[in-house]
Colleague: 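Sending over a structure as structure tokens; questions will come in a sec.
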Number of protein chains: 2
Amino acid sequence: MVKRSELIKGSTDSLLLCLLGQQPMYGYQIIRELEDRSQGYFRYKEGTLYPALHRLEKSGLLTAQWHTASGGRQRRYYHLTEKGRTMLVERRSQWLDFLAAMNTIIQPVSA
Amino acid sequence: MVKRSELIKGSTDSLLLCLLGQQPMYGYQIIRELEDRSQGYFRYKEGTLYPALHRLEKSGLLTAQWHTASGGRQRRYYHLTEKGRTMLVERRSQWLDFLAAMNTIIQPVSA
DNA sequence: CGCCTATACCTAGAGAATCTAGGCAAAGTA
DNA sequence: TACTTTGCCTAGATTCTCTAGGTATAGGCG
């Protein structure tokens with residue numbers, strides 16, 4: 001049973017901050033958006049996403065608001081707080097650092 | 001308490017396969033080598049590294065041999081098995097896939 | 001010699017992230 | 001009516017990492 005990649009671990013928060021930094025979204029939408037944009041690479045389970053959103057909300061990086069869609073359906077929209085925006089910048093920087101570090105070890109296969 | 005980056009999680013196996021694909025090494029050496037090459041970014045704790053090595057050995061990706069250094073000190077050298085080399089190729093490919101997927105979400109900040 | 005640091009291996013238990021595998025309910029569709 | 005999709009949620013198991021130890025040898029210094 002080959003897992004997609006263990007590398008995904010730990011990237012969730014960064015992905016969520018990035019997405020929500022572009023526009024507020026609700027949980028279900030986030031799952032689909034991540035899958036669409038990554039051409040099917042990211043397929044978050046609800047059991048992963050919702051706890052993650054709650055975690056970020058609890059940390060003050062996100063706030064949430066219920067909205068009623070045209071059909072009467074309830075959706076919980078998340079958007080970044082100021083603290084969240086600060087963290088987003090931080091996370092992006094961390095991602096670049098991580099990339100640089102990985103590249104010092106995982107050299108590309110030379111032809 | 002700001003952690004370096006949660007991103008590191010899940011990259012350990014790939015890093016170890018990569019390193020040991022270049023030359024056999026022993027645990028203590030691996031920790032120093034990772035830190036040196038990454039200019040201090042990777043600072044693995046022994047409580048992380050040794051269980052990871054044992055895990056990979058148990059999976060048949062690594063084998064280990066005891067050697068006695070000049071001073072009489074015992075060192076356990078790990079090197080890749082055939083299965084390990086196959087997995088290394090796989091891991092490198094996964095890393096590139098992961099990179100590509102991340103880039104679809106984490107767009108670089110435009111000036 | 002005695003003491004300290006660096007080397008070199010190891011493990012148990014706690015903490016945290018993810019997945020599995022459900023549950024509940026409303027809206028759309030056949 | 002029945003089924004699928006949407007949309008929220010959680011409890012428990014699994015897995016990875018870290019904390020915080022333990023053991024032992026080698027080498028330097030006073």
Side-chain angles (χ1 to χ4, degrees), chain A residues 1-17 24-36 41-59 61-62 64-78 91 94 98 101, chain B residues 1-17 24-36 41-59 61-62 64-78 91 94 98 101:
Chain A
M1 187 183 334
V2 179
K3 291 195 185 163
R4 300 184 71 64
S5 171
E6 293 295 326
L7 293 164
I8 297 177
K9 289 184 182 178
S11 57
T12 300
D13 292 2
S14 298
L15 290 175
L16 294 181
L17 291 177
M25 299 175 78
Y26 58 96
Y28 202 80
Q29 184 186 12
I30 291 174
I31 290 180
R32 307 180 133 282
E33 190 75 12
L34 283 174
E35 180 163 354
D36 284 355
Y41 187 88
F42 294 119
R43 293 185 187 176
Y44 275 87
K45 312 301 175 190
E46 302 189 340
T48 303
L49 182 74
Y50 287 112
L53 287 173
H54 300 163
R55 215 162 49 227
L56 293 174
E57 190 183 5
K58 209 168 178 181
S59 309
L61 303 174
L62 301 180
Q65 286 172 338
W66 285 100
H67 284 287
T68 305
S70 58
R73 189 177 290 289
Q74 293 290 303
R75 291 167 175 167
R76 197 157 149 80
Y77 280 84
Y78 289 89
R91 285 294 199 162
Q94 284 182 353
F98 176 63
Chain B
M1 188 183 329
V2 179
K3 291 193 183 166
R4 300 184 73 61
S5 169
E6 294 295 327
L7 294 164
I8 297 178
K9 288 186 182 178
S11 58
T12 300
D13 292 3
S14 297
L15 290 174
L16 294 180
L17 292 176
M25 299 176 76
Y26 58 97
Y28 201 80
Q29 184 186 9
I30 291 173
I31 291 178
R32 306 179 135 283
E33 191 75 13
L34 283 174
E35 179 162 355
D36 283 356
Y41 187 87
F42 294 117
R43 292 184 187 177
Y44 276 87
K45 311 302 177 189
E46 303 190 340
T48 303
L49 182 74
Y50 287 111
L53 288 173
H54 299 163
R55 214 161 49 225
L56 293 174
E57 189 184 6
K58 210 169 178 179
S59 309
L61 303 174
L62 301 180
Q65 288 174 337
W66 285 100
H67 284 286
T68 305
S70 59
R73 190 177 290 286
Q74 295 289 303
R75 292 167 175 168
R76 195 157 150 80
Y77 280 85
Y78 289 89
R91 286 294 199 161
Q94 285 182 353
F98 176 63

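Chain A is the first sequence line, chain B the second, and so forth, proteins listed ahead of strands; every chain is numbered from 1.
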Colleague: Rounded to whole angstroms, how far apart are CG on B/Leu16 and C1' on D/dC16?
Modeller: 13 Å
Colleague: Find the distance B/Lys45:NZ to C/dA12:C1' and express it as a whole number of Å.
Modeller: 18 Å
Colleague: Mind checking what makes side chain to side chain contact (heavy atoms under 4.5 Å, CB included) contact with A/Ser59, not counting sequence neighbours?
Modeller: A/Leu61
Colleague: What's the CG-C1' distance between A/Leu49 and C/dA17, to the nearest Å?
Modeller: 13 Å
Colleague: Would one find a side-chain N or O of B/Thr12 under 4.0 angstrom from OP1 or OP2 of D/dC16?
Modeller: no
Colleague: What does the list of N/O pairs under 3.5 Å between the protein and nucleotides 5-8 of chain C look like, with a distance for each?
Modeller:
{"from": "C/dT7", "atom 1": "OP1", "to": "B/Arg32", "atom 2": "NH2", "distance (Å)": "3.1"}
{"from": "C/dT7", "atom 1": "OP2", "to": "B/Tyr28", "atom 2": "OH", "distance (Å)": "3.1"}
{"from": "C/dT7", "atom 1": "OP2", "to": "B/Arg32", "atom 2": "NH2", "distance (Å)": "2.3"}
{"from": "C/dT7", "atom 1": "O2", "to": "B/Arg73", "atom 2": "NH1", "distance (Å)": "2.8"}
{"from": "C/dA8", "atom 1": "OP1", "to": "B/Arg75", "atom 2": "NE", "distance (Å)": "2.6"}
{"from": "C/dA8", "atom 1": "OP1", "to": "B/Arg75", "atom 2": "NH2", "distance (Å)": "2.3"}
{"from": "C/dA8", "atom 1": "OP2", "to": "B/Tyr26", "atom 2": "OH", "distance (Å)": "2.7"}

Colleague: Find the distance B/Arg43:CZ to D/dT17:C1' and express it as a whole number of Å.
Modeller: 17 Å
Colleague: The criterion is side chain to side chain contact (heavy atoms under 4.5 Å, CB included); which residues satisfy it with A/Glu35, sequence neighbours excluded?
Modeller: A/Arg43
Colleague: Calculate the interatomic distance between B/Phe42 atom CZ and D/dC18 atom C1'; express it in whole Å.
Modeller: 17 Å
Colleague: Would you mind reading off the distance between A/Gln65 atom CD and D/dG7 atom P, rounded to a whole angstrom?
Modeller: 18 Å
Colleague: Just the rounded figure in Å: distance from C1' of C/dA17 to CG of A/Leu53.
Modeller: 14 Å
Colleague: Excluding sequence neighbours, so at least two apart, what forms ring pair (Phe, Tyr, Trp, His ring centres under 6.0 Å) with A/His54?
Modeller: none
Colleague: Once rounded to the nearest 0.5 Å, what's the spacing between atom OH of B/Tyr78 and atom CG of B/Leu53?
Modeller: 5.0 Å
Colleague: Quick one: is B/His54 getting a side-chain N or O under 4.0 Å of the C/dT11 phosphate, OP1 or OP2?
Modeller: yes
Colleague: Grab the CG-C1' distance between B/Leu56 and D/dT17 for me, whole Å please.
Modeller: 14 Å
Colleague: With sequence neighbours excluded, tell me which residues meet side-chain hydrogen bond (donor to acceptor under 3.5 Å, both in side chains) with A/Gln74.
Modeller: A/Thr68
Colleague: Considering residues at least two apart in sequence or located in another chain, which fulfil the side-chain hydrogen bond (donor to acceptor under 3.5 Å, both in side chains) criterion with A/Glu33?
Modeller: A/Arg37
